Amino acid sequence: QVHLAESGGGLVQSGGSLRLSCTASGLRFDDYSLGWFRQAPGKEREGVSCISWSGRNTFYTDSMKGRVTISRDNGKNTVYLQMNSLKPEDTAIYYCAAVEGSISGCEYDPLFWSDKWGQGTQVTVSP
């Protein structure tokens, strides 16, 4: 059974940093592309950053480009999201997701990213 578990969220002041982690089990991690998505209250889920199965391709949403870095450690079955210079508008629940094979971007498509999701971790940025 596939399980994705996010951690690392919390409360941080504007300008602060957080590193989110997502550890996967029950799948052949090397074969999966991974993504971080977020959903703020009253808003639709959106892609934040994604990384291909090989790790060679990374994608970032424009609103966070330059402030976040995605990476993966296949030896630990874990994907990370380093977030810096956080803003109150970054407040949301952050989810990780996995999809087998290649990706060409990080748009949230519920049909494409349909299978494997974590339970989410809350990120709150205070002014």
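Start at 1 with the first residue, then count along the sequence. Predicted model, so just to flag it, every value in this text is computed and none were measured.
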- prompt: Under 4.5 Å between any side-chain heavy atoms of Lys116 and His3, yes or no?
  reply: no
task: State, to 0.1 Å, how close Leu34 and Val79 come at their nearest heavy-atom pair, and which atoms those are.
output: CD1-CB, 3.8 Å
query: Under 3.5 Å, side chain of Thr121 to main-chain N/O of Glu6, donor-acceptor pair present?
result: no
- prompt: What is the minimum heavy-atom distance between Ser33 and Gly101, and which atoms define it?
  reply: OG-O, 2.5 Å
field: Distance, nearest 0.5 Å, that separates CG of Asp73 from OH of Tyr80
entry: 5.0 Å
- line: Here the gap from Trp36 atom CH2 to Tyr60 atom OH, rounded to the nearest 0.5 Å, amounts to 13.0 Å
- request: Take Val123 and Arg38 through the test side chain to side chain contact (heavy atoms under 4.5 Å, CB included) and record every step on the way to the result.
  value: CA-CA 9 Å; Val123 171; Arg38 67 183 181 183; over 6 Å; no
query: Should the heavy atoms of other residues, nucleotides or ligands under 6.0 Å from CD of Gln82 be counted, would the total exceed 12?
result: yes
task: Keeping the roles fixed (side chain from Arg67, backbone from Ser85), state whether a donor-acceptor pair exists under 3.5 Å.
output: yes
statement: Sequence neighbours excluded, the answer for side-chain contact (heavy atoms from CB on, under 4.5 Å) partners of Gln39 is Arg45, Tyr95
- prompt: Can you name the closest pair of heavy atoms from Cys106 and Ser49 and give their distance?
  reply: SG-C, 3.3 Å
query: Between Phe59 and Glu107, is any pair of side-chain heavy atoms under 4.5 Å apart?
result: no
- request: Tell me, please, which residues at least two apart from Asp31 pass salt bridge (Lys or Arg N to Asp or Glu O under 4.0 Å).
  value: Arg28
With Phe29 via ring pair (Phe, Tyr, Trp, His ring centres under 6.0 Å) - residues at least two apart: none
Give every donor-acceptor pair under 3.5 Å between a side-chain atom in residues 9-24 and any protein atom, sequence neighbours left out.
from	atom 1	to	atom 2	distance (Å)
Ser17	OG	Asn84	OD1	2.9
Thr23	OG1	Thr78	OG1	3.0

Heavy-atom side-chain contact between Met64 and Glu46 under 4.5 Å: no
- prompt: So do Asn57 and Ile103 actually touch side chain to side chain, heavy atoms under 4.5 Å?
  reply: no
message: Taking atom CD as the centre, does Glu44 end up with more than 12 heavy-atom neighbours from other residues, nucleotides or ligands that are less than 6.0 angstrom away?
response: no
task: Taking the side chain as every heavy atom from C-beta outward, state whether Val48 and Phe37 have any atom pair closer than 4.5 Å.
output: no
task: With rounding to the nearest 0.5 Å, note down the distance linking CD in Gln122 to OG1 in Thr124.
output: 4.0 Å
- request: Check Ala98 against Leu27 and note the closest heavy-atom contact, atom names and distance.
  value: CB-CD2, 4.4 Å
task: Taking side chain to side chain donor-acceptor pair (under 3.5 Å) as the test, write out the residues that go with Lys43, two or more places apart.
output: none
query: For the residue pair Gly26 and Val2, what are the closest heavy atoms and their distance?
result: O-CG2, 3.4 Å
- prompt: Looking at CZ of Arg72 and OG1 of Thr58, how far apart are the two atoms once the value is rounded to the nearest 0.5 Å?
  reply: 12.0 Å
message: With heavy-atom distances below 4.5 Å as the criterion, would you say the side chains of Asn77 and Ser25 are in contact?
response: no
Evaluation steps, salt bridge (charged side-chain N to carboxylate O under 4.0 Å, His left out), between Asp62 and Lys65: CA-CA 5 Å; Asp62 287 345; Lys65 200 171 291 184; 3.2 Å; yes
Check: Tyr108 ring centre within less than 6.0 Å of Trp113 ring centre: no
Test ring pair (Phe, Tyr, Trp, His ring centres under 6.0 Å) applied to Trp53 - qualifying residues, sequence neighbours left out: none
- prompt: Does any non-hydrogen side-chain atom of Ile51 lie less than 4.5 Å from one of Arg56?
  reply: no
